[in-house]
Every structure is written in structure tokens, then in C-alpha cells.
Number of protein chains: 2
Amino acid sequence: MYVNIDAYAYICNYPLPLPWGPFLMQKTDINAWIELHRSSQKLISIVETELKNADLPPLAWYDILLEIKKAGKDGIRPFELQNRVLITQYNLSRMTDRLVRAGYAKRIPCLEDKRGHSLITTRKGINLLDRMWPIYETVIDQHFSSKLAEADKARLSGILKRI
Amino acid sequence: MYVNIDAYAYICNYPLPLPWGPFLMQKTDINAWIELHRSSQKLISIVETELKNADLPPLAWYDILLEIKKAGKDGIRPFELQNRVLITQYNLSRMTDRLVRAGYAKRIPCLEDKRGHSLITTRKGINLLDRMWPIYETVIDQHFSSKLAEADKARLSGILKRI
DNA sequence: CATATATACATGCATTTGCATTTAAATATA
DNA sequence: TATATTTAAATGCAAATGCATGTATATATG
């Protein structure tokens, strides 16, 4: 889950090319790898902290609820939701369970497939999104958008889309 | 922790500039934000899966153990370790506890400060790093390094260092 | 020096996660 | 059609995490 800020130093203790693998790992690769994960984790942890400070649920709730909202009034099946967020089946099951119990989402029976159900947002759920977004947006803007040039942001997504 | 692949769609339901905040959030910003987190999370989850498949501990153990190893034979104090990895104090305390119990690290008393101790790696710990790295490296190479041009990797870290 | 405050680290307890497995319905196969 | 296989979703249990707090030592302050 966590990528050490100085993970590359381990590699640097060994001669290049590395004795054990077929790969020629360069410092450029490691620096990019580390910066990618360091920056992502740092930003996410700021978002989580700010949400918590505002007495709001974690970012994961926002993401899932947003996806449910986007599905509109027909709702979305949990297995479809799972394709859109990087969460395991069992965790999604319990997360939506919490959303439902908290009144932010609702399960509606699925006529075509009695094994499952569809999820829709409630008014309270939409309201939660509306309260969470300003916090989220502020962090994105202050810690991300405002620190990078427009051209760099375009480059960034262009490069990372290949991953 | 998780950033929805399509989080920006929520924003797109609203007119720009957004009615609630002082920020003018553009699609470029959101795309970059999403790609950053999506790619990071995807890569990390591949690493974790591969480590698990090889019956090896999670990446966090690698990072911490590596940091301990880097400190050399004098070891490192937990509070210093904490500055180098993005982990909370209480979780680091328990994680190092597990490392020690598993025989990968050792606590040595700290003469200058009786509140604390220093952590050093054991032979078994070094060996674990050596076994984990090939797995880790293979993922980095196959899913990251080989997918990006050298220049892009340099750009990537250059851009992200500003975060 | 005595007392207050800060720092290093650990821990009890509730919540969340991971893993394996279960339940139930849908689909494939013979 | 009967039986096997696959798929959707949930769940029991162990491990990990978050949060608040505890313990011990160090440092600052009157």
C-alpha cells in the first residue's frame, strides 16, 4: 500500500544492471515510480484528513455514492459498480451496506435477476455528495491544480493513461 | 483511499465555473487528478497481488524493512522512520512489532533516550528484502517502466515533485 | 529544584479489511 | 428436464486499522 520515499536506495546499493533480474532498472524509472505513489498517497491523505475534520465520511463513500448517483433512477448493480471502482467484491458489499444503513443509498429489487439488486441514491445521499465536494475540490485545487502548470496537467494524464 | 475513475462526471453535471466554490476546476485538472490516483492504485494493487502469489508479506513490510536496513548497524528510531514513510505512529508501532515478532527486525535499547529504542534488520530481514525485490521489480518493469518512454518518466517525476 | 508540558512509543476498543466460504439464482450441459 | 457450473452477493472469522488514551521519559518553565 505504501511506497517508501527512498525505496530506490535499496537498488542503489547494488551494481547496475541488477544481478538478479533481466531488467535494467534506471534511476529515472525508480524516481518516477516513487513520485507517482508518494504524490498520490500524500494527496489522498490530505483529502481524508480534511473530510474527517469536516465530520464527513471517507472519500470512498463519495466515489461510490457518485457512481450510484450517475446511474440515475434505474440504479446500478453492485457487480457493475465494482468494475468502476477499485474495490473487492466483499468490501463493496459491506460498504454499500453501510451507505444503505446510513440512509445515503437504497437497494431496489432487480426484476431481471433475483440474485441481485440495484442501488440508487437517496436525497440524503445527494446532499452528502454536495457537502463533500467542496472539501474535496478545495484540496484538489490547493494541493494539486494550483501547483502545476496547465500544460503539465495535460501531460500528466496523457502519460499516465498508458498505465 | 480510492478515487473513482469517473469522479469528474459529478462535476460535469454542474455548470462551470462551479457555483459553490472560488475555484475554476477544469477538465484538465480532474483528468490529471484521476489518472494520478487510478494509475498509482492500479500499480500498487498489482504489486500486492504478485507478492501475495509469491507467499511474501505486503509491500509495506518491504518499505519499512528497507528503511531500517538503510539506517545501517546503528539502526533507526521509530519516530525517524515515521518521517520517511506515510504511516501513522500507532500503525508503525504495530507494524514494526510484527516485523520483530516475525524475526525480520530487532529492537535495540537506546542509550541516549530511554523512552525509545532503535530498529535494526536481521539477516532474515535482509534475506526477505532480497526475495521481495525481484517480484517488486518485475511489476515495476512490466507494468510501468516498459509502458512509458524514458523522457516521459523524467517528465513525470519532474512534474510530481512539485506536489 | 519542582512542576508542567512535550515527546516516544504502546495499547484497548471499535471499525474495517482480507480471505475463505456460503447462499441463492442464473446459465450451461448432458 | 435433471444436473453441473457459473455468477451475484453476503458473511464468519482472523488480521489490520483508526482513534483515543496510557505510560514513561525528556525538556521547559517558574
Among the nucleotides [options], which one has an atom lying closest to any side-chain atom of [X]?
X       : options               : value
B:Arg77 : D:dG18, C:dC9, D:dA9  : C:dC9
A:Asn91 : C:dC9, D:dA10, C:dG18 : C:dG18
B:Phe79 : D:dA9, C:dG18, C:dA8  : C:dA8
A:Arg98 : C:dT17, D:dG18, D:dA8 : C:dT17

Whole angstrom value for the distance that separates [atom2] of [N] from [atom1] of [X]:
X        : N      : atom1 : atom2 : result
B:Gln82  : C:dC9  : CD    : C1'   : 10 Å
B:Ile64  : D:dT17 : CD1   : C1'   : 13 Å
A:His117 : D:dT7  : NE2   : P     : 19 Å
A:Leu92  : D:dT11 : CG    : P     : 14 Å
A:Leu51  : D:dG18 : CG    : C1'   : 15 Å
B:Asn83  : C:dC9  : CG    : C1'   : 14 Å
A:Leu81  : D:dA10 : CG    : P     : 12 Å
A:Glu48  : C:dT16 : CD    : P     : 12 Å

Presence of [X] side-chain N/O under 4.0 Å of [N] phosphate oxygens OP1/OP2:
X        : N      : result
A:Arg107 : D:dA8  : no
A:Tyr90  : C:dC19 : yes
B:Lys52  : C:dC19 : yes

Taking every non-hydrogen atom, the tightest pair across B:Thr49 and B:Ser45: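 Scanning both residues completely, I find the closest heavy atoms to be OG1-O, 2.8 Å.
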Mind checking whether A:Tyr62 and A:Trp133 have parallel, tilted or perpendicular rings, split at 30° and 60°?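 Judged by the thresholds at 30° and 60°, the geometry between A:Tyr62 and A:Trp133 is parallel.
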Describe the nucleic acid contact of A:Arg94 in one word from base, sugar-phosphate, nothing, applying a heavy-atom distance below 4.0 Å.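 Base, at least one base heavy atom under 4.0 Å.
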Find every protein N or O atom lying less than 3.5 Å from an N or O atom of nucleotides 23-27 of chain D, and list the pairs.
| from | atom 1 | to | atom 2 | distance (Å) |
| --- | --- | --- | --- | --- |
| D:dA26 | OP1 | B:Lys114 | N | 3.1 |

Any donor-acceptor N/O pair under 3.5 Å between D:dA8 base and A:Gln89 side chain: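 No.
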Got a list of side-chain donor-acceptor pairs under 3.5 Å for residues 154-163 of chain A, not counting sequence neighbours?
| from | atom 1 | to | atom 2 | distance (Å) |
| --- | --- | --- | --- | --- |
| A:Arg155 | NH1 | A:Asp152 | OD1 | 2.4 |
| A:Ser157 | OG | A:Lys153 | O | 3.2 |
| A:Ser157 | OG | A:Ala154 | O | 3.3 |
| A:Arg162 | NH1 | B:Asp152 | OD2 | 2.7 |

Say whether A:Tyr136 and A:Ile46 are linked into one hydrophobic cluster, either directly or through other cluster members, by side-chain heavy-atom distances under 4.5 angstrom.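 Result: yes, single cluster for both.
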For A:Lys114, does the NZ atom have more than 12 heavy-atom neighbours from other residues, nucleotides or ligands under 6.0 Å away?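 No, not enclosed.
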Using only atom types and a distance under 3.5 Å, with no angle test, would you say the side chain of B:Arg77 pairs donor to acceptor with the backbone of B:His117?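 Flag set: sc B:Arg77 to bb B:His117 pair under 3.5 Å.
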Under the salt bridge (charged side-chain N to carboxylate O under 4.0 Å, His left out) test, which residues partner A:Arg101, sequence neighbours left out?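 Here the qualifying residues are A:Asp97.
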